[in-house]
Number of protein chains: 2
Amino acid sequence: MEESTNSSVIRDNNRQKRTREKVINLAMQVLAKNPTASLNEIAEAAEVGRATLFRYFKSRKQLIQELVVEADRKLEDATRPIIEKNLSARDTLEEFVKVLVPLGASFHFLNSEQLHSEGSGIEDLYRNQLVRLKVLSKRLRAEKVVATDIPLVWIAAVLDNLIYTAWVTVLDGDIAPNDAPGLVLFSFLNGFAHL
Amino acid sequence: MEESTNSSVIRDNNRQKRTREKVINLAMQVLAKNPTASLNEIAEAAEVGRATLFRYFKSRKQLIQELVVEADRKLEDATRPIIEKNLSARDTLEEFVKVLVPLGASFHFLNSEQLHSEGSGIEDLYRNQLVRLKVLSKRLRAEKVVATDIPLVWIAAVLDNLIYTAWVTVLDGDIAPNDAPGLVLFSFLNGFAHL
DNA sequence: TTCATTTGATACATTAAAGTATCACATGAA
DNA sequence: TTCATGTGATACTTTAATGTATCAAATGAA
């Protein structure tokens, strides 16, 4: 599978773009929930022919690699504007959670063990997201938004997983999309202890 | 692969038992982290020959099904004695977390999307663990250990994921095994807000 | 309506992993 | 030490998924 070369007459390049994006989005979701899903299952989810996958991606492996790159790009696009706002750590956390929960598939995709193969040339992307969360967690500690005696790696890991859990729970229809970011924030900061 | 039939002369049945348990434990861990791992990778992790897998399990599919059954059994064995103690919900939570964190692989295995196939005859086991957590969450609410206005499914999902996150973080060597249950409990009840 | 381009269905080829069989070596209870 | 049994290595077969090629149908901009 490979991306079509540009021709001098482009009659429906938007259609190709739409098809490719649809495949990437659906593939991301399917593989986030089931890394063993076949190309046939991905094609069905994306409502395209299996042959169409090969028109855009050279192989299953390349599809997955592009999913990783795309996931990282999406997460970067979503979080960079927030960082550039130079908000307080607390407000940054809130904005982060709002944009990251809907991106749960992209989120989880980068953390999948399946992708941790050497020589794929995209290893660093795996760590990007956890680095983003560590940086944020450091700022939260520095600004005393969170406790200072909890290991940083634990704080970042919990935030990571809360965001993914919210995404899955929304996908399962168990909580409303609008409620999800608030639940993540509440759980992360306050826990569930009855007051 | 299939379990050997009993013969009238059993010279080293314990060895078989040890081999089978080793395979199950290592397979559980490997597949919890990478559901796409091959039988070769599982065999290597378990330090057995690939042919040995087929001496105990008829097929990859049957191995996985037995992992699910074994995971559920382990979780049931670990949690039933706690329930039978009739402790307060708060103390039950603490005991649950202590025994479930080390079983993170078993834990996560049951929640894996990969296994949600109809007709496997073990679908109900997938829900057992979340049911256990929901029952516990309900008691926590009833005894006012946790807030009463948070959706039950969210409380259970977060507890579920905190336990698994702890298991992975210990496995990665980022937190000490002894610290893990305490961190889970603290995060679940108090969150990270600086006081 | 036209028609250039995109796509789905499907037949076929290839490949990687699963599954089987066999034999020599390893193990450990007796 | 013996030797029945368990196991690893490996060759081979089977299978399921990947990957390729082709053609008719679908699509949608012009």
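These numbers come from the heavy atoms of this one structure, side chains and all, not from hydrogens, waters or symmetry mates. Letters A, B, ... are given to chains in the order of the sequence lines, protein chains preceding strands, and every chain is numbered from 1.
Atom pair A:Leu53:CG and D:dG19:P shows a separation of 10 Å (rounding to whole Å applied). As rounded to whole Å, 16 Å separates atom P of C:dA18 from atom CD of B:Gln65. If you measure from atom CZ of A:Arg50 to atom C1' of D:dT22, you get 14 Å, rounded to the nearest angstrom. Counting to the nearest Å, the P atom of D:dA16 and the NZ atom of B:Lys61 are 10 Å from each other. The nearest whole Å value for the distance from the CG atom in B:Leu39 to the C1' atom in D:dT14 is 14 Å. With rounding to whole Å, A:Lys22 atom NZ is found 12 Å from C:dG8 atom C1'. Atoms CD (B:Gln62) and P (C:dG19) sit 10 Å apart, rounded to a whole Å. One atom, CZ of B:Arg20, and another, P of D:dG6, lie 14 Å apart when rounded to the nearest Å.
For A:Tyr56 and C:dT7, the shortest distance from a side-chain N or O to OP1 or OP2 is below 4.0 Å. A close approach under 4.0 Å does not occur between any side-chain nitrogen or oxygen of B:Ser38 and OP1 or OP2 of C:dA16. An OP1 or OP2 oxygen of D:dA4 is reached within less than 4.0 angstrom by no side-chain nitrogen or oxygen of B:Arg15.
Counting heavy-atom neighbours within 6.0 Å of A:Glu47 CD, excluding the residue itself, gives a total of 12 or less. Heavy atoms from other residues, nucleotides or ligands lying under 6.0 Å from NZ of B:Lys138 number 12 at most.
When each of B:Arg73, B:Lys74, B:Arg80 is tested with B:Glu76 by the rule salt bridge (Lys or Arg N to Asp or Glu O under 4.0 Å), just one qualifies, namely B:Arg80.
Using a 4.0 Å heavy-atom cutoff across all strands shown, A:Glu47 reaches sugar-phosphate atoms only and no base atom.
To the nearest 0.5 Å, atom OH of residue A:Tyr164 and atom OG of residue A:Ser106 are 11.5 Å apart.
Residue B:Gln16 has its side chain nearest to D:dG6 when only D:dG6, C:dT7, D:dG19 are considered.
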